[in-house]
A.B. asks: 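Here it is, the structure in full.
So that the names make sense, note that chain A is the first sequence line, chain B the second, and so on, each numbered from 1. Note that these values count all heavy atoms, side chains included, but never hydrogens, waters or copies made by symmetry.
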Amino acid sequence: MASGGESTGAKSRKYFDDRQVSEEQGKEYGPSEFGNFQQYYRNKKIKLQNHDEILKNSGPSDESQKDHPQIFKGCCIYVNGYTNPSITELHRIIVLHGGKFSQYLDSKTEVTHIIASSLTPKKLVELRTSRVVSPAWIVDSVNQGRLLPWHDFRIGIPRTSQKFLETRKCDSATTVPPSERAPLVTDSRQSAKTAADPGFLENYYSRSRLHHLSSWKAELRSKYQTLILNHEQQESRTDSKSSISPSERDEPTQRVIFHVDFDCFFASVALRSNPELQGMPVCVGNGGSQNAEIASCNYIARKQGVKNGMWMQQAKRLCPDIVCMPYQFEEYEVASNHLYSVLLESGADKIEAVSIDEALLDMTTACTSEGATDIADRALLLSQGIRNRVYELSKCTVSIGVGTNILQAKIATKLAKPNGQYFINETEALEVISKLRISELPGLGPSMESAIQRKSPSIRTVSDARSLGKARLQQLLGEKNGEKLLNYSRGIDDRVVGSISERKSVSVEVNWGVRFSSIKQVEEFIKSLSQELYRRLVKLGSRGEALTLKIQVRAPNAPVDPPKFLGCGECISISRSTSLSGASIDIDKIVHAALPLLRKMTMVVSDIRGMGLQITKLAPFNDDRKSTPKEQMSLDIFAGQEDSSKRNSLVSRDMKFENGFDLEYEDIDNDELLSRPDAANESDTDAPDPDIVVATDSNDDTVYLKMLLEAWLNDTAGYQYGPHDDDVKVFQDYLSYLVLQKKNVCKAHDLIDWLRFCLGSRMQNDEMMDKAYYVEESLYRWLDVVCSYEKDIFAMTGFR
DNA sequence: ATCCTCCCCTAC
DNA sequence: TAAGGTAGGGGAGGAT
Ligand SMILES: Nc1ccn([C@H]2C[C@H](O)[C@@H](COP(=O)(O)OP(=O)(O)OP(=O)(O)O)O2)c(=O)n1
Ligand SMILES: [Mg+2]
């Protein structure tokens, strides 16, 4: 711990009025108690047995044997795809117990619950706001004679904390309140208002434009990073000379940089979908909310002073006629794909994705090669072509600025907009730049401007700043920033297009809707964040060596309720970091590292307004740790893989995945944090919904794998502690390999169900029982994580 | 000097 | 009501 001071909030950039309200709640740090897991497992066991009972006895004959509690009264249930019990059986049970059975899913308003064993990614997206539950919900509810909370049986979407609490809550007598039987339109996702509510994170992210912006950017970066590399390789190969890029080949060749950017992107998409709004001031945001932010507004609105990022309230004041349209996140992706597909064909030497609607091109070669024509003419011709093609495809206008470096290209774009193009020469660029306010330079903002003005109040423009000289600027802004400003003020910018380096960090952060009333809720939310962080790490094939927890805490004089509903208001930020040991990472490791960090912070729980977790010092998942040899049989599942290309590298614990990451695990602490119950599907061991298979293994070794699993369980059941955690991990890794590499979700489900079946029949004592269920839960949780990639994968592979 | 931790700032 | 995320550059000041 070096300088451990918290920020004072005095410097905070957020600007809200003061009101002094003091609130209760000190800190009450106790051991994080997540309760009695033994108890949970025992319940689960009973549940399973009862499940079997029900299945056995649910023949048509027992219909009259007793009266049936009308537990499904008010529920309208639709059954999707293959299920166990079968659809007819479910139909019978539902009707028998007072429920309504729906043959169609036409009107979601009538159907209250959807039963499915598994969902195709498409359906998953389609039904993401619906109550989709496993058949076990029906079976278990009937079995217990009361309607169980449906979210304990959700499928498709990885649930985290909430299940945990609710499972325990419903242990005894909780039945579902009438509101739970409300039609699907009022789904629980809508009540996930604050971070203390279950399902908050997913719900929140699905609506956050900034989250979308960030993930799109990351995606584009990783996509075009490699593409650029390939492109460059081709270039230098045809050059048959060296690896010098074309733009650096001739001595001081002036670069030609294009900055391509959709005009008021979100607003343009909104106008495209609603042509009747042409000519009106339009913006995109959560309309009808006075403190909602405007993501984008069209140029008509801008004329009246409206700006991106402004709150609705203020925009309405400036422009009372402004029309607010909702977000259309999928449409933005489509339009962006159009843009990038054109850019890839543009003949650029290099491409750098700046954002979903914006990119930089190094067009030096294309503009200078057959040096005949004027560079400006050539550039404008090329940019006109790009703009035409993008418009043809997307029906949205783009503007292009052309300059000799990134800075100048961006300046040119400002002059080009809207729906235009501009070639700026050095002299003009210098003129324009000189007149800009300091904060208008890209990369400098209001803070730097005021940092200068604090000492030298007369300095406003870039040319003013230039007159201060390098030393003075560095004194005011720091070494690098001072130099940057001076260079920019002279029109100089050395940044190279496409020189984005490897990712250095992965983080997950929420600063809206964060309101806690107990430390337990805080810890629970940290778990949700950890799971999300882990999900992203797995997807990237990365692990990290350092973890940082950051929280936002209400500033001392900030009102308890900031102007923005559930916003963070003015905050101070506190962060603490720690190192993560080992070559592997998993959720529990993250949680175990994060909770002590939380404990190092001092704050009033109810004043927490934001939380984030960041992983730094990224490294590939790798195998720099030898596995501890064990006596008992280990699960050599990869060795049995009938895939010759991977056979050699994917062996046992030293598995190397195609995409360059290894999976390796430390031993797990099987304690309270590990064993978060999931809504495991209490159903089908048979063939799952065939829809879910994307690519089938040509030589199906499922039978062999099942034998292997069974043998492994047979052997390890004899040991006191049952299957070794490492082997469980191996199985998890294999599942992840199946889903991510082989795109065979079906097989993963199949194997996991088989394992469940084997486990169920093999447990002799309580300890083994606990172990078995730990294994089961652990695998299901993993599959949840893995399956949440399905739609990404399908998007990537172009699967319809 | 250089590294590390805990910030702040900027962009979309 | 409202969905204020996230990666990277960078600075201050202490530890090495
Ligand atoms: N504070 C902001 C700024 C931008 N965006 C989103 C909406 C924008 O449409 C998109 C692109 O940002 P731009 O800065 O390119 O702004 P626009 O495309 O809206 O306008 P223009 O590029 O014409 O200036 O990012 C956002 O949600 N919130
Ligand atoms: Mg734009």
A.B. asks: Closest approach to the side chain of A:Glu293, judged atom by atom: which nucleotide of C:dT6, C:dA3, B:dT5 is it?
C.D. replies: C:dA3

A.B. asks: Less than 4.0 angstrom between a side-chain N/O of A:Arg209 and OP1 or OP2 of C:dG4, yes or no?
C.D. replies: yes

A.B. asks: Whole-Å distance between C:dG5 P and A:Glu202 CD?
C.D. replies: 17 Å

A.B. asks: Indicate, with a heavy-atom threshold strictly under 4.0 Å, whether A:Leu618 touches base, sugar-phosphate, or nothing.
C.D. replies: nothing

A.B. asks: Figure out the CD/P separation between A:Glu483 and C:dG10, and round it to whole Å.
C.D. replies: 10 Å

A.B. asks: Touch check for A:Gly288, heavy atoms < 4.0 angstrom, all strands: base, sugar-phosphate only, or nothing?
C.D. replies: sugar-phosphate

A.B. asks: Given C:dA2, is OP1 or OP2 found less than 4.0 Å from the side-chain N or O atoms of A:Ser289?
C.D. replies: yes

A.B. asks: Any side-chain donor paired with an acceptor under 3.5 Å for A:Thr413 and A:Asp261?
C.D. replies: no

A.B. asks: Just the rounded figure in Å: distance from P of C:dG4 to CG of A:Asn511.
C.D. replies: 10 Å

A.B. asks: Compare side-chain N and O positions of A:Arg207 against OP1 and OP2 of C:dA2 and report whether any pair is under 4.0 Å apart.
C.D. replies: no

A.B. asks: Listed by chain and number, what are the salt bridge (Lys or Arg N to Asp or Glu O under 4.0 Å) partners of A:Lys550, not counting sequence neighbours?
C.D. replies: A:Glu509

A.B. asks: Check this one for me: any side-chain N or O of A:Ser573 less than 4.0 Å away from OP1 or OP2 of B:dC6?
C.D. replies: no

A.B. asks: From C:dA3, C:dA7, B:dC7, pick the nucleotide closest to the side chain of A:Lys564?
C.D. replies: C:dA3

A.B. asks: Is there a side-chain polar atom (N or O) of A:Ser447 under 4.0 Å from OP1 or OP2 of B:dC9?
C.D. replies: yes

A.B. asks: Do the side chains of A:Glu219 and A:Lys223 get close enough for a salt bridge, i.e. N-O under 4.0 angstrom?
C.D. replies: no

A.B. asks: Can you confirm if the aromatic rings of A:Tyr340 and A:Tyr224 lie within a centre distance of less than 6.0 Å?
C.D. replies: yes

A.B. asks: Under 4.0 Å between a side-chain N or O of A:Asn291 and OP1 or OP2 of C:dA2?
C.D. replies: yes

A.B. asks: At under 4.0 Å between heavy atoms, what does A:Lys217 touch on the DNA or RNA strands: base, sugar-phosphate, or nothing?
C.D. replies: nothing

A.B. asks: If you look at every strand shown and take non-hydrogen atoms under 4.0 Å, does A:Gln614 touch a base, only sugar-phosphate, or nothing?
C.D. replies: nothing

A.B. asks: Could you tell me whether A:Ile356 contacts a base, only the sugar-phosphate backbone, or nothing, with contacts defined as non-hydrogen atoms closer than 4.0 Å?
C.D. replies: nothing

A.B. asks: If the cut-off is 4.0 Å, is A:Tyr204 near the phosphate of C:dG5, judged by side-chain N/O to OP1 or OP2?
C.D. replies: yes

A.B. asks: Considering just the side-chain nitrogens and oxygens of A:Arg609, establish if one lies under 4.0 Å of OP1 or OP2 belonging to C:dG4.
C.D. replies: no

A.B. asks: Can A:Arg209 and A:Glu293 be said to form a salt bridge (charged side-chain N to carboxylate O under 4.0 Å, His left out), step by step?
C.D. replies: CA-CA 10 Å; A:Arg209 76 189 201 280; A:Glu293 267 173 40; 2.8 Å; yes

A.B. asks: Hey, are A:Asp362 and A:Lys350 close enough for a salt bridge, meaning a charged N less than 4.0 Å from a carboxylate O?
C.D. replies: no

A.B. asks: Would you indicate which nucleotide in C:dG11, C:dT6, C:dA3 comes nearest to any side-chain atom of A:Arg536?
C.D. replies: C:dT6

A.B. asks: Closest approach to the side chain of A:Lys193, judged atom by atom: which nucleotide of C:dA3, C:dA2, B:dC6 is it?
C.D. replies: C:dA2

A.B. asks: If I take atom CZ in residue A:Arg454 and atom P in nucleotide B:dC9, what distance separates them, rounded to the nearest angstrom?
C.D. replies: 11 Å

A.B. asks: Categorize A:Gly478 for me: base, sugar-phosphate, or nothing, with a 4.0 angstrom heavy-atom threshold over every strand shown.
C.D. replies: sugar-phosphate

A.B. asks: Under a plain distance cut-off of 3.5 Å, with no hydrogens placed, do A:Arg466 and A:Thr461 share a side-chain donor-acceptor pair?
C.D. replies: no

A.B. asks: To the nearest Å, how far apart are A:Leu220 CG and C:dG5 P?
C.D. replies: 20 Å

A.B. asks: Crowded around A:Arg272 CZ? As in, over 12 foreign heavy atoms under 6.0 Å?
C.D. replies: yes

A.B. asks: If you check every side-chain atom of A:Pro562, which of C:dA7, C:dG4, B:dC12 has the closest atom?
C.D. replies: C:dG4

A.B. asks: Does a side-chain N or O from A:Tyr205 land closer than 4.0 Å to OP1 or OP2 of C:dT6, or not?
C.D. replies: yes

A.B. asks: Roughly, in whole Å, what's the span from CD1 in A:Ile572 to P in B:dC6?
C.D. replies: 14 Å

A.B. asks: Want to settle it: does A:Glu502 or A:Gly482 sit nearer the 5' end of DNA chain C, counting the closest nucleotide to each?
C.D. replies: A:Glu502

A.B. asks: For A:His211 and A:Lys484, take the nucleotide of DNA chain C holding the closest heavy atom to each; which residue's nucleotide lies nearer the 5' end?
C.D. replies: A:His211

A.B. asks: Let's see if you can work this out: which of C:dG4, C:dA3, B:dT10 has an atom nearest to the side-chain heavy atoms of A:Asn286?
C.D. replies: C:dA3

A.B. asks: Considering just the side-chain nitrogens and oxygens of A:Ser507, establish if one lies under 4.0 Å of OP1 or OP2 belonging to C:dT6.
C.D. replies: no

A.B. asks: Among B:dC6, C:dA3, C:dG8, which nucleotide has an atom closest to any side-chain atom of A:Arg576?
C.D. replies: B:dC6

A.B. asks: Could you state the CZ-C1' distance from A:Phe200 to C:dG4, rounded to the nearest angstrom?
C.D. replies: 11 Å

A.B. asks: Between atom CD1 in A:Ile615 and atom P in C:dA7, what is the gap in whole Å?
C.D. replies: 11 Å

A.B. asks: So A:Ser355, base contact, sugar-phosphate only, or nothing? Heavy-atom distance under 4.0 Å.
C.D. replies: sugar-phosphate

A.B. asks: Heavy atoms from C-beta onward define the side chain here; which of B:dT10, B:dC12, C:dG10 lies closest to that of A:Asn481?
C.D. replies: C:dG10

A.B. asks: Can you find a side chain N or O atom of A:Ser577 that sits less than 4.0 Å from OP1 or OP2 on B:dC6?
C.D. replies: yes

